Every structure is written in structure tokens, then in C-alpha cells.
Amino acid sequence: MIRGGRSYVSSPPAFSNDVKRLLVCTSNTVSIFSTSTGLQISSLEGHTAPVTTVIVVPASTPATKILSYCWTASLDETIKYWDFSTPELLKTIDVKFPIFSMVIPSLLRQPAQSDVKPSKLFAYLSVEDTRETTKSHKKEPRPNTMNGRICKCNLTESRLAGGVTLAEMKEPQVITISSSGKYFGIRKQRKLLIWKVPDVEAERVVMRKITLHHTKKLTVLAFHPTQRIVAAGDVTGRILIWRGFGDRTFATNDNKMNLNLMNNEEERPGVRDNDDADLCTTWHWHPSEVSVLIFSSDGAYLYSGGKEGVLVVWQLDTGKKKFLPRIGSPLLYFTESPDPSLSSLPCPLPEEYKGICRDIAFNHDGGLVALRAENYCIHFYSLLDDRGISELVKLLDVPFQVQVCERNHQPGDDVTVVVTLVALSQDGSLMSTVDVKLAEEGIGSLVCLKFWVSGTQNKEFTLSTIVYEPHRCGPCLITEELNEKYLKCSVGISAVAFHPNRRAAVSSSYGGDFKVWICNDELQQKDLQSSGWSCHAVGSYKKKAMTAAAFSADGSVLAVAAETVITLWDPDRNVLVAVIGETLTPIMNMSFVGSSEYLVATSWGSKPQLSVWNMSKLSISWSYLLHVEAVACAVDTSSFAALALLPESSNCKEANGTTFQGRDGVILLFNAVDPVPVASWSARKAKGGALAFLKANPSFTYENISDGKAPQTLLAYVNGDHEYVLFDPYGKEVHELSKFHQGDRLTHEEGQFGYASIYGELPEFKLKRNQDLWAPSVPSEKPWETIFSGSSHNLPPLTKLCSAFLESLLEKRTAALE
């Protein structure tokens with residue numbers, strides 16, 4: 001079993017004391033990377049939900065830099081203490097609340113005198129109070145409920161400080177602490193709440209707090225390392241700097257300033273109301289919200305960043321700024337290390353545009369996945385190696401990304417061009433992309449179909465052919481049953497599929513037609529770099545929107561969905577062979593099941609449906625009323641897998657008693673001949689997920705190999721957050737999936753499965769009749785009146801049926817006496 005795709009940017013990372021390792025929160029684990037090679041060397045496994053905080057215990061002396069201890073906090077309601085050099089779990093504290101953020105001020109303080117007895121270790125937590133929600137989960141949530149809390153935890157005695165709640169919020173907030181450990185604060189809408197940590201901590205010591213106000217929602221804050229200065233960024237891109245905060249509240253009696261001067265508004269420019277600060281200045285450069293804010297170690301500079309992907313360096317005294325080279329991705333965190341020459345700047349990959357995009361493309365032979373991104377690129381990722389191909393260029397000779405079209409916008413700007421579709425051929429040598437220029441005020445939309453060819457030596461994709469407006473324009477032919485996200489473009493391309501054996505492809509359009517494209521080297525032997533694509537055939541059916549397309553395993557049949565019906569074509573002669581259907585709602589995806597005679601189709605809309613069609617009988621074989629997000633078909637067998645979205649978990653639980661524990665989908669493995677699933681697994685984040693059967697790499701070492709044999713085929717599940725799991729659906733490891741915990745992506749469902757896991761068990765029917773209920777009966781005088789009232793299999797023999805019917809025709813009438 002192979003798992004990967006975890007986010008490296010969900011929480012800030014932390015450096016080890018010797019700066020040789022970087023600890024990164026990756027879902028339920030903490031991955032430890034080498035700062036010299038960038039490779040993962042170990043991990044901390046033990047949490048059962050995403051890890052939200054990792055804190056390395058700093059070295060008190062240069063000799064203790066080799067020590068490797070850290071604290072971690074998680075949404076699984078626990079705090080853990082680790083020796084990450086081994087790695088080994090040393091301590092676990094259960095706080096009974098999901099932890100969203102944690103700080104430990106005592107670790108940042110200067111070491112105490114040797115003659116002073118060390119005090120207890122305390123942590124301040126930002127938690128979510130789920131007790132009220134759990135008790136009244138069926139009730140409507142109250143709009144003013146305060147679910148977020150700042151509380152105190154005694155790490156020495158492994159318990160929460162009873163009755164200590166520093167603040168309450170609607171939602172948990174991230175806690176920011178100063179580098180000296182003297183102050184920490186949170187954002188609360190348009191306010192900053194700042195606490196001063198007592199010099200001698202105790203469980204119930206009184207903590208002083210100040211509040212600073214602003215007119216916009218605040219997004220991030222940072223403390224100066226030596227002076228009483230705090231900076232905050234807001235949603236509009238402004239940066240506010242309060243100098244001398246807390247002079248009245250936090251200052252000692254010996255150092256208190258003249259309160260009369262402090263209360264003079266003219267002496268406190270920019271400070272709102274009665275806030276405890278001397279001065280507030282505002283800087284503005286970022287066009288969107290500020291997400292990164294940190295002071296330099298000497299306090300002379302302030303670093304800021306946001307969605308535009310630029311790190312701005314501000315000179316604190318003068319306000320002058322300079323810019324670091326464009327990073328190209330939104331900035332999330334900035335973590336300094338003890339080595340001034342090394343810092344961490346986590347940046348997410350450009351987000352997938354979710355407006356009118358469909359599917360991700362798989363290279364079934366190479367174990368690669370191609371994902372569309374917001375920056376007009378196609379990103380390639382190795383599922384077997386759990387890393388972007390950019391890190392494996394020398395090994396696999398495959399580019400990390402392909403620039404589909406010219407980038408004419410910066411991060412944070414409005415998206416004007418979107419890559420809506422990407423398709424790969426079965427061997428991965430061909431790729432097709434569809435990009436759409438979005439209309440501005442209903443004018444100026446443009447659809448481009450592009451074909452890419454991979455070179456024979458460097459394996460890099462080069463643009464072979466570009467087709468502008470490949471399908472006919474006209475009124476939108478999409479019915480109301482289709483998802484409204486596809487109504488944005490009347491000439492949008494609904495599907496692109498490659499021929500399994502030739503350099504040919506088909507594209508279907510919501511405008512009402514489909515086209516078969518042929519690479520010119522199919523007709524003339526040319527060099528790949530000079531080959532181009534041309535239209536070979538055009539087809540349509542009753543002016544209906546063509547919503548899906550697929551080739552059969554041998555390429556002899558082309559199936560194109562015309563809304564609710566399936567049309568079968570001869571792709572070489574462009575002849576309509578047959579029409580089968582119809583489904584309840586328009587078909588959005590379909591595929592031939594390997595080399596079998598079956599075709600599987602999925603419909604979306606008010607009545608979603610999963611249907612399997614028999615091509616030899618030209619009729620439906622069986623179907624389920626399920627909303628199927630993705631379908632994957634095995635290449636050599638008659639098996640296929642479907643990712644179905646479950647109804648609301650509360651409804652499921654009431655229907656059959658099955659608890660899905662937050663999982664919103666189920667993976668069903670079918671043999672096309674039989675409607676009963678072969679196996680089933682529940683999954684999280686199924687919305688926007690994808691499935692694929694991948695060819696196993698013989699040279700790769702797999703865990704949990706069944707029967708000592710490496711699997712021939714792997715089933716890949718990629719969830720909506722692009723986390724994935726690869727496993728052998730036919731091996732013994734599928735029975736061990738029940739060991740997965742809350743944060744894992746896939747879990748085998750014990751007990752009920754398949755139809756029963758979704759709709760509940762069918763009532764049991766007694767095959768043996770109760771003989772006591774039998775009662776004698778006499779023939780009716782008019783048997784023809786009741787002969788057809790029962791079931792068809794209970795009809796009497798043909799001889800009795802004919803005689804009774806003939807007698808009814810020869811019925812004699814009784815003469816009436818006058």
C-alpha cells in the first residue's frame with residue numbers, strides 16, 4: 001500500500017537546533033526532511049488526525065544542539081512529546097478538545113539561574129469546544145455560539161489548568177508568540193488580543209491583556225524580537241504597526257510612563273479609541289490580503305507576503321521597501337532557522353480552478369497524474385514516488401509542468417484563461433488540453449483545443465497542433481439537468497479521449513457535435529516534431545449536446561453520449577451503428593470496461609445514475625441510483641471501480657445504523673457482469689475525487705504483499721484535496737484497511753458493504769410457505785374473469801387456459817320468460 005499527496009503547507013514547519021532537519025506537518029504525521037538533500041529521512045507517526053503544531057525544544061547551550069526533542073499538537077485532542085532523532089514517542093497528553101494551535105512560552109525564555117528551582121511547563125492552546133455541538137448535533141447551530149477557546153495546559157502534570165479560559169471566539173484562531181516568549185496574541189475579527197506572560201508562571205496566575213482595534217478584518221500578526229512593537233496585516237493588503245503597545249498595562253511600577261501624555265490623542269497618532277499604544281502607522285503595497293508577516297532576527301526589517309507571490313522587505317525605521325525575486329505562488333508562512341542563511345518559505349502549488357474543470361488525467365503505465373493548475377500549467381506528479389516530477393527529472397526525464405498557454409496575469413489577479421480539460425493517451429506519449437478564455441461581460445470567450453506530443457528522447461511534451469474554436473458555435477444545447485457549472489460556455493468541450501492503438505482522438509461538445517482527430521503521421525510518415533493533427537470526421541445526433549465520449553478497447557467502436565442516449569459509431573467510416581438508452585438524466589462520463597462487452601456510464605442531475613450496458617444486446621444490464629463522482633475501468637479484465645457520494649451521514653445512520661464517521665463517499669469494486677459489488681471501502685473527501693487502475697511497477701517494493709507476489713494492478717484513489725492511496729484491490733491488504741484511523745483517506749467498511757452500506761439490508765423473505773395458512777377453494781363459475789389477476793408464473797396450463805377461454809365465447813344466454 002502506498003500513500004501520499006499530503007499537504008506540506010497546512011501548518012508552519014520547524015527547524016531542528018542544528019538546522020540539519022526540517023519538521024513538516026503532513027496530515028496525521030510529522031515528516032522530517034534533510035535540509036541538505038531535501039529528502040525525507042524519517043517521520044513521527046502516532047496522531048490519528050491532522051497535526052496542527054510542531055515545536056522544537058530549543059537548545060539552552062551550544063553543547064545541547066544535538067538534542068532532538070519536540071512537542072506536537074493535533075486535532076485528535078492530544079499533545080505528544082517526541083525524541084525525533086530516534087524517532088520515539090515519550091509522552092501523550094489528552095486534553096479532550098481538538099487543538100488548532102499551541103505555544104509554549106517557557107521554551108523561549110532565557111534559562112533560569114542554577115539556584116532557582118525549575119517551574120512547571122505550561123502551554124497555551126487554541127481549541128474547539130465540541131461538547132455543546134455533540135449534545136445538540138440535531139439542532140440548528142446557534143449563530144452566536146462561541147466554539148473557540150484559549151485555554152492553559154499543564155504539560156508537567158499532563159492536564160488542563162482547571163477553570164482557566166483566556167478568551168472565547170466563534171472559531172479557533174492561530175496563536176502567535178514573540179521570539180522572547182514574553183507576549184502572545186490572536187486575531188479576533190477586527191481586533192488584536194495580546195497577553196503578557198507572567199515572569200513566574202503558575203496555574204491560576206492573573207494574566208494582563210490589551211486589545212488593539214482596526215476597521216478591517218485582520219489576517220496575520222507578528223511581534224518585534226526586542227521592542228514592544230506589533231504588526232498586523234488585513235484583508236485589504238494593509239500593514240499596521242503599533243509601537244509601544246501595552247505601556248500602561250504591561251509596564252512595571254518602576255517603568256510606568258506619564259499617563260497624562262499617554263491619554264493625549266495628539267501624542268498618539270493613528271491609535272484608535274483608548275487603545276494602549278503610542279503610535280500606529282499604516283503601510284500599503286499588497287493588492288490582496290496579507291498572509292505572511294515576520295520581523296527579522298535583529299528587528300530592523302519586516303517581511304510581508306500574500307497571494308501575489310512577492311516577498312516584500314520593509315525597513316522598519318524609514319518604511320522603504322524592496323522586493324525579493326518573484327516566487328510565483330502564494331506565500332503562507334515564513335520560518336527562520338538558527339542559521340541566518342537558511343529559512344523556510346512554504347508555498348502551495350497554484351490552485352486548481354474549480355469553476356468549469358473536470359477530472360484529472362492518469363498515465364496508467366507510468367503511475368503519473370496530470371493536474372490542471374490556476375497558472376495555465378499542467379503539473380505532473382508521480383504517485384509511486386510521492387513527489388513532483390520536477391524532483392525526478394534526471395530519473396524519469398519527464399517535465400514537472402507544461403505551460404499550456406502564455407501567462408499574462410500575476411497571482412491574485414482575476415483568472416481570465418482556464419485549462420478545463422486534460423487527457424493522456426494510454427501509453428502517455430500524447431496529451432490533449434482544452435483552455436477557455438473567459439468572457440468579459442458576455443463578450444470575448446475563446447475555446448482552444450491543443451495536442452501535445454512527447455519526444456522519443458527527452459520525453460518532454462511539445463505543442464503539435466492548436467485548434468481555435470474546434471466546435472461549432474450556437475445556442476447552448478445543455479438541458480437543465482446538467483450541472484450548472486457547465487452552462488458557462490455554450491461551445492465548451494465536454495470530453496477528450498484518445499484511441500487505444502492509433503494516434504487519433506475524439507472531442508465532444510456541448511454545442512451539439514463531436515469530431516474525430518487524426519495525427520498526420522497516421523497518413524504520412526513524418527517526424528514527430530513536424531506532425532500535426534487534422535479533423536477526420538464530424539458527427540451529431542438530433543442536435544443534442546454531446547456530453548461524453550469513449551473508444552472501445554480495440555478502437556473499433558466509438559461511443560458518444562447525446563445527453564440521455566448513447567450513440568455507437570464506426571470511427572473509421574463515421575457511420576452511426578446503433579443508438580441505445582435512455583438514462584434518467586444526461587450522461588456525464590462513460591467508459592468501456594476493459595476488453596469485455598460492457599460499457600459503464602454515469603449520469604448527474606436530479607436523478608443521478610450508475611448504469612452498465614451490454615453492447616452485444618444493446619440494452620442496459622443493471623443500474624444503481626447513485627451519484628458517482630468518478631469511474632475507473634481495468635484494462636485486461638471486466639472489473640471497474642466507482643467512487644459514489646454518500647447521502648448525509650445522519651440520514652445514513654438513521655437508515656441502517658452504519659456510522660461513516662465523516663466519510664462522504666464509498667468506493668465500489670464491480671465485475672461488470674454482476675451488480676453485487678466485489679468489495680467496497682468508505683472514503684473521505686470524495687467530492688472532486690478520482691480513481692484509476694495503474695500498472696504496478698515490478699521494480700518497486702510494495703508493503704503488505706499478499707502471497708509473496710507483487711500485485712499486477714493497483715487501484716489509485718485521489719481525494720478532493722489531492723491526497724491519495726494506492727493498493728491492490730484483490731490482495732489481502734484490503735482486509736487490513738480497517739486499521740486506518742480518523743485522518744486516513746480510505747477505510748474498509750466492516751459488516752455491511754455495497755448496496756447494504758448505502759441503503760440498508762433488504763427484508764428477508766421466507767422461501768417456505770406456511771402450510772397452516774392454506775385454505776381450500778372452489779372453482780369459480782367465471783374463471784376467465786380472474787385468470788389474469790395473479791402473477792404470470794402462476795398461470796394454469798395452456799390446455800385449461802384455452803378451454804376456459806373458448807367456453808367463455810360459447811356462453812349460453814338464459815331466455816327471458818315473458
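Since we're looking at a predicted model, the values are computed, not measured.
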Open item on the list: Can you confirm whether more than 12 heavy atoms, excluding those of Gln315, are under 6.0 Å from its CD atom?
Closed with: yes

Open item on the list: Against the six-membered ring of Phe122, is Lys152 placed for a cation-pi contact (under 6.0 Å from the centre, within 45° of the normal)?
Closed with: yes

TODO: Look up atom CD1 in Ile177 and atom CD1 in Ile186, then write down how far apart they are to the nearest 0.5 Å.
DONE: 13.5 Å

- [ ] For Ser291 and Leu331, indicate whether the former's side chain and the latter's backbone hold a donor-acceptor pair under 3.5 Å.
- [x] yes

TODO: For His286 and Ser288, indicate whether the former's side chain and the latter's backbone hold a donor-acceptor pair under 3.5 Å.
DONE: no

Task: Residue pair Cys153 / Val95: nearest heavy atoms and the distance that separates them - done: SG-CG1, 4.2 Å

- [ ] Would you mind checking if Glu201 and Lys120 are paired as a salt bridge, meaning a charged N to carboxylate O distance below 4.0 Å?
- [x] no

Task: Flag, side chain of Lys188 to backbone of Glu168, donor-acceptor distance under 3.5 Å - done: yes

Open item on the list: Determine whether a donor-acceptor pair (N or O, by modelled atom type, separation under 3.5 Å) exists between the side chain of Asp275 and the backbone of His213.
Closed with: yes

Task: Ile79 vs Met102 side-chain heavy atoms within contact, under 4.5 Å - done: yes

TODO: Determine whether Leu155 and Trp71 make a side-chain contact, defined as any pair of heavy atoms from C-beta on separated by less than 4.5 Å.
DONE: yes

Open item on the list: If the threshold is 4.0 Å, N to carboxylate O, is there a salt bridge linking Lys320 and Asp317?
Closed with: no

TODO: Indicate whether any N or O donor in one side chain lies under 3.5 Å from an N or O acceptor in the other, for Ser101 and Thr53.
DONE: no

Open item on the list: With a 4.5 Å cut-off on side-chain heavy atoms, are Ser43 and Val30 touching?
Closed with: no

Open item on the list: When you measure from the side chain of Thr35 to the backbone of Val19, do you find a donor-acceptor pair of N or O atoms at a distance under 3.5 Å?
Closed with: yes

TODO: Measure the CH2-NE2 distance between Trp242 and His224 for me, rounded to the nearest 0.5 Å.
DONE: 16.0 Å

Task: Rounded distance [0.5 Å steps], OG in Ser16 versus CG in Leu67 - done: 11.5 Å

TODO: Check Cys25 against Val54 and note the closest heavy-atom contact, atom names and distance.
DONE: SG-CG1, 3.8 Å

Task: Check: Ser27 side chain, Thr29 main-chain N or O, donor-acceptor pair, under 3.5 Å - done: no

TODO: Determine whether the side chains of Thr236 and Glu289 contain a donor N or O and an acceptor N or O closer than 3.5 Å.
DONE: no

- [ ] Report the C-alpha distance between Leu121 and Leu107 in whole Å, list the side-chain angles of each, state the deciding distance to 0.1 Å, and finish with yes or no for side chain to side chain contact (heavy atoms under 4.5 Å, CB included).
- [x] CA-CA 8 Å; Leu121 190 62; Leu107 298 180; 4.2 Å; yes

Open item on the list: With no hydrogens and no angle check, just 3.5 Å: does a side-chain donor-acceptor pair link Arg238 and Thr282?
Closed with: no

Open item on the list: Treating Arg149 as the side-chain partner and Leu125 as the backbone partner, does any N or O pair qualify as donor plus acceptor under 3.5 Å?
Closed with: no

Task: Heavy-atom pair of closest approach, residues Val312 and Lys321 - done: CG1-CB, 3.9 Å

Task: Check: His47/Thr72 side-chain N/O donor and acceptor closer than 3.5 Å - done: yes

Task: Check: Tyr183 ring centre within less than 6.0 Å of Phe250 ring centre - done: yes

Open item on the list: Tell me whether Thr219 contacts the main-chain N or O of Gly233 through its side chain, where contact means a donor paired with an acceptor under 3.5 Å.
Closed with: yes

TODO: Looking only at non-hydrogen atoms, find the nearest pair between Ala277 and Val271 and report the distance.
DONE: O-CG2, 3.7 Å

Open item on the list: Is it the case that the side chain of Asp276 and the backbone of Arg248 share a donor-acceptor pair, with hydrogens and angles ignored and the cut-off at 3.5 Å?
Closed with: yes

- [ ] Take Asp278 and Asp247 through the side chain to side chain contact (heavy atoms under 4.5 Å, CB included) test and state the conclusion after the steps.
- [x] CA-CA 8 Å; Asp278 293 341; Asp247 281 340; 2.8 Å; yes

TODO: Indicate whether any N or O donor in one side chain lies under 3.5 Å from an N or O acceptor in the other, for Arg243 and Thr281.
DONE: no

TODO: Using the side chain to side chain contact (heavy atoms under 4.5 Å, CB included) rule, take Ile241 and Leu302 through it: C-alpha gap first, then chi angles, then the decisive distance, then the call.
DONE: CA-CA 10 Å; Ile241 301 176; Leu302 176 66; 4.2 Å; yes

- [ ] To the nearest 0.5 angstrom, please state how far the CG atom of Leu44 sits from the CZ atom of Phe84.
- [x] 8.0 Å

Open item on the list: Applying the ring pair (Phe, Tyr, Trp, His ring centres under 6.0 Å) criterion to Trp314, which one of Tyr301, Phe295, Trp283 satisfies it?
Closed with: Trp283

TODO: List the steps, then state whether side-chain hydrogen bond (donor to acceptor under 3.5 Å, both in side chains) holds for Thr52 with Ser11.
DONE: CA-CA 6 Å; Thr52 56; Ser11 300; 5.7 Å; no

TODO: Please tell me if the side chains of Leu75 and Ile99 come closer than 4.5 Å, counting only heavy atoms from C-beta onward.
DONE: no

Open item on the list: I'd like to know whether Leu446 forms a side chain to side chain contact (heavy atoms under 4.5 Å, CB included) with Val436, so could you lay out the CA-CA distance, the side-chain angles of the two residues, the decisive distance to 0.1 Å, and finally the verdict.
Closed with: CA-CA 6 Å; Leu446 179 65; Val436 179; over 6 Å; no

Task: Side-chain touch His284/Ile239, heavy atoms, less than 4.5 angstrom - done: no

Task: Verdict with reasoning, Arg684 to Asp664, per salt bridge (Lys or Arg N to Asp or Glu O under 4.0 Å) - done: CA-CA 5 Å; Arg684 290 181 175 86; Asp664 60 348; over 6 Å; no

Task: Under 3.5 Å donor-acceptor, Thr420 side chain and Asp435 backbone - done: no

Open item on the list: For Lys196, I'd like to know if atom NZ has over 12 heavy atoms of other residues, nucleotides or ligands within 6.0 Å.
Closed with: yes

Open item on the list: Counting C-beta onward and ignoring hydrogens, is there a side-chain heavy-atom pair between Phe223 and Ser179 closer than 4.5 Å?
Closed with: no

Open item on the list: Any heavy-atom pair between the side chains of Tyr124 and Met207 that's under 4.5 Å?
Closed with: yes

TODO: Step through it carefully: locate the ring centre of Trp285, locate the ring centre of Phe323, and say whether they are under 6.0 Å apart.
DONE: yes

Open item on the list: Please report the interatomic distance SG(Cys280) to CG(Leu212), rounded to the nearest 0.5 Å.
Closed with: 8.0 Å

- [ ] Run through Thr176, Asp234, Leu192, Leu193 and flag the one making a side-chain contact (heavy atoms from CB on, under 4.5 Å) with Arg187.
- [x] Leu192

Task: Shortest non-hydrogen contact between Ser74 and Ala49, atoms and distance - done: OG-O, 2.9 Å

- [ ] Decide if atom CZ of Arg159 counts as having more than 12 heavy atoms of other residues, nucleotides or ligands within a radius under 6.0 Å.
- [x] yes

Task: Ile294 side, atom CD1; Ser304 side, atom OG - distance, nearest 0.5 Å - done: 12.0 Å

TODO: Specify the closest pair of heavy atoms between Pro105 and Gly181, including all atoms of both residues, with the distance to one decimal.
DONE: CB-O, 3.5 Å

Open item on the list: Tell me if the aromatic rings of Tyr81 and Tyr69 count as close, with their centers under 6.0 Å from one another.
Closed with: yes

Open item on the list: So Phe100 and Glu128, do their side chains get closer than 4.5 Å, heavy atoms only?
Closed with: yes

